[in-house]
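A short write-up of the structure that comes next.
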Amino acid sequence: MKNKLSPGGKGLLPRLYSDNREDLKGVVFSILAILLSFVLVGIILLAMGYRPLRAFSALFSGAFGSTYAISLTLSRAVPLIFVGLSVGFAMRGGFFNIGGEGQLYIGGFTSAVVALALPAALPVPVTLVLALGSGILAGMFWGGSIGLIRAKLNINEVVVAIMLNYIAQLFTSFMVNTVFLAEGSMTGQTDILPESLVLSKIVPNTQLTTSLYIALAVSVAYALFFSRTVAGFEVSALGENPTAARSGGINIMRSTFFVMACSGALSAMAGIFEVFGTYGRFIDGFSTGLGFTGIAVAFIGRQKAAGIVLASLLFGALQAGSMRMSMVEGISANIIQVVQGFVIIFIATPNILIYLSRKKAGK
């Protein structure tokens with residue numbers, strides 16, 4: 001007997017056709033939502049006495065008008081790709097990982113400390129593997145503990161994740177301002193990492209590093225995991241209907257831990273590659289809400305790799321372009337937060353309602 005999900009299954013083509021139609025509708029809807037967001041912000045700027053067309057022209061120029069501008073956009077998008085994939089992974093499994101902020105701090109801090117503590121005589125590849133691997137494992141532990149508490153004690157993962165966010169941020173802040181404070185530094189930051197450990201620049205004199213290639217590779221792996229592996233199918237089954245997944249033989253406790261551990265690892269990678277790429281050291285408070293912005297990225301991207309990458313580029317472009325808009329037109333860069341807010345409202349709110357309704361039906 002042919003299974004619906006098997007290559008010869010009768011239900012495969014209709015399902016693919018339906019998925020493609022939904023994806024196309026989602027793209028069209030997202031474009032319209034973005035355009036509407038700019039229209040509304042333009043009206044606000046006009047009412048405040050600014051010239052919207054010139055402001056948006058400066059915004060676009062700051063995001064895409066030169067090699068440096070494009071590099072800035074891409075560098076701003078990289079950590080959002082990792083956190084967006086993290087939130088998307090958890091959502092595909094039926095969970096809501098709001099703990100990305102804490103996980104990226106723990107991952108970045110652990111990897112930096114390990115890199116600085118290892119003997120300088122070690123080969124660079126060995127040091128990198130140990131440092132990056134330790135940061136990823138720390139993120140897995142931080143995220144996996146949320147899943148374990150959810151599975152064992154049935155405590156909502158959102159509550160646990162919020163508490164762990166505070167613990168991670170305050171713990172790393174304390175450590176980097178005391179034990180690991182760089183000599184002579186007045187602010188919380190570690191010593192600079194050895195130059196051999198810092199990721200190389202794609203474009204000289206910019207913040208764009210080879211972490212972009214890693215982010216894209218991880219995005220491809222994410223897509224293949226859910227489309228080509230048994231584990232990916234089990235995670236999706238858990239997210240669609242936990243009761244049916246349990247009846248189908250899926251170990252709910254193990255799968256819950258696995259989903260949140262993988263989600264934690266992905267968020268940790270955002271912090272790790274900011275440390276080893278953008279900054280070259282761990283800096284207290286380096287994240288400007290990346291973990292929370294990643295939630296919007298995942299919803300806008302509909303938990304799919306391509307969508308998450310595109311949504312990250314959108315937010316990266318807004319952040320990069322806002323600086324030039326502020327310089328040219330004298331408009332506060334905070335207006336970009338308004339644009340982002342409108343985009344999130346128009347795109348994410350319907351998706352959140354759909355997600356919550358499906359999750360409720362699954363229970």
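These figures come from a predicted structure and were not determined experimentally.
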State, to 0.1 Å, how close [X] and [Y] come at their nearest heavy-atom pair, and which atoms those are.
X: T187; Y: S185; result: O-OG, 2.7 Å
X: P194; Y: L116; result: CD-CD2, 4.4 Å
X: Y50; Y: G330; result: OH-O, 3.7 Å

**OP:** Without swapping roles, check the side chain of N165 against the backbone of V160 for a donor-acceptor pair under 3.5 Å.
**Re:**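 Such a contact is absent between N165 side chain and V160 backbone.
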
Original post:
Just by distance, do the side chain of S322 and the backbone of Q319 share a donor-acceptor pair under 3.5 Å?
Top reply: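 Between the backbone of Q319 and the side chain of S322 there is a qualifying donor-acceptor contact (under 3.5 Å).
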
Original post:
In terms of heavy-atom contacts, does OH of Y279 have more than 12 from other residues, nucleotides or ligands at under 6.0 Å?
Top reply: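 More than 12 heavy atoms, drawn from other residues, nucleotides or ligands, come within 6.0 Å of this atom.
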
side-chain hydrogen bond (donor to acceptor under 3.5 Å, both in side chains) with [X]: which residues, sequence neighbours excluded?
X: D284; value: S173, N177
X: S86; value: N97, S263, S267
X: Q207; value: R76

Original post:
Which side chain to side chain donor-acceptor pair (under 3.5 Å) pairs, counting each pair once, include a residue from residues 209-218, with sequence neighbours left out?
Top reply: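 The answer is T209-S211.
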
Original post:
Does the side-chain hydrogen bond (donor to acceptor under 3.5 Å, both in side chains) test come out yes or no for R150 and T256, once each step is laid out?
Top reply: CA-CA 8 Å; R150 168 64 188 265; T256 300; over 6 Å; no

**OP:** Not counting sequence neighbours, list each pair that qualifies as a salt bridge (charged side-chain N to carboxylate O under 4.0 Å, His left out) and has a residue in residues 181-207.
**Re:**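 Residue pairs passing salt bridge (charged side-chain N to carboxylate O under 4.0 Å, His left out), neighbours aside: none found.
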
Original post:
Mind checking whether F282 and F286 have parallel, tilted or perpendicular rings, split at 30° and 60°?
Top reply: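 If you compare the ring of F282 with that of F286, the planes turn out perpendicular.
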
Original post:
Could you give the distance from CG (L238) to CD1 (I252), rounded to the nearest 0.5 Å?
Top reply: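 So the gap between those two atoms works out to 5.0 Å.
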
Original post:
Mind checking what makes salt bridge (Lys or Arg N to Asp or Glu O under 4.0 Å) contact with R246, not counting sequence neighbours?
Top reply: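 By the salt bridge (Lys or Arg N to Asp or Glu O under 4.0 Å) rule, R246 matches no residue at all.
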
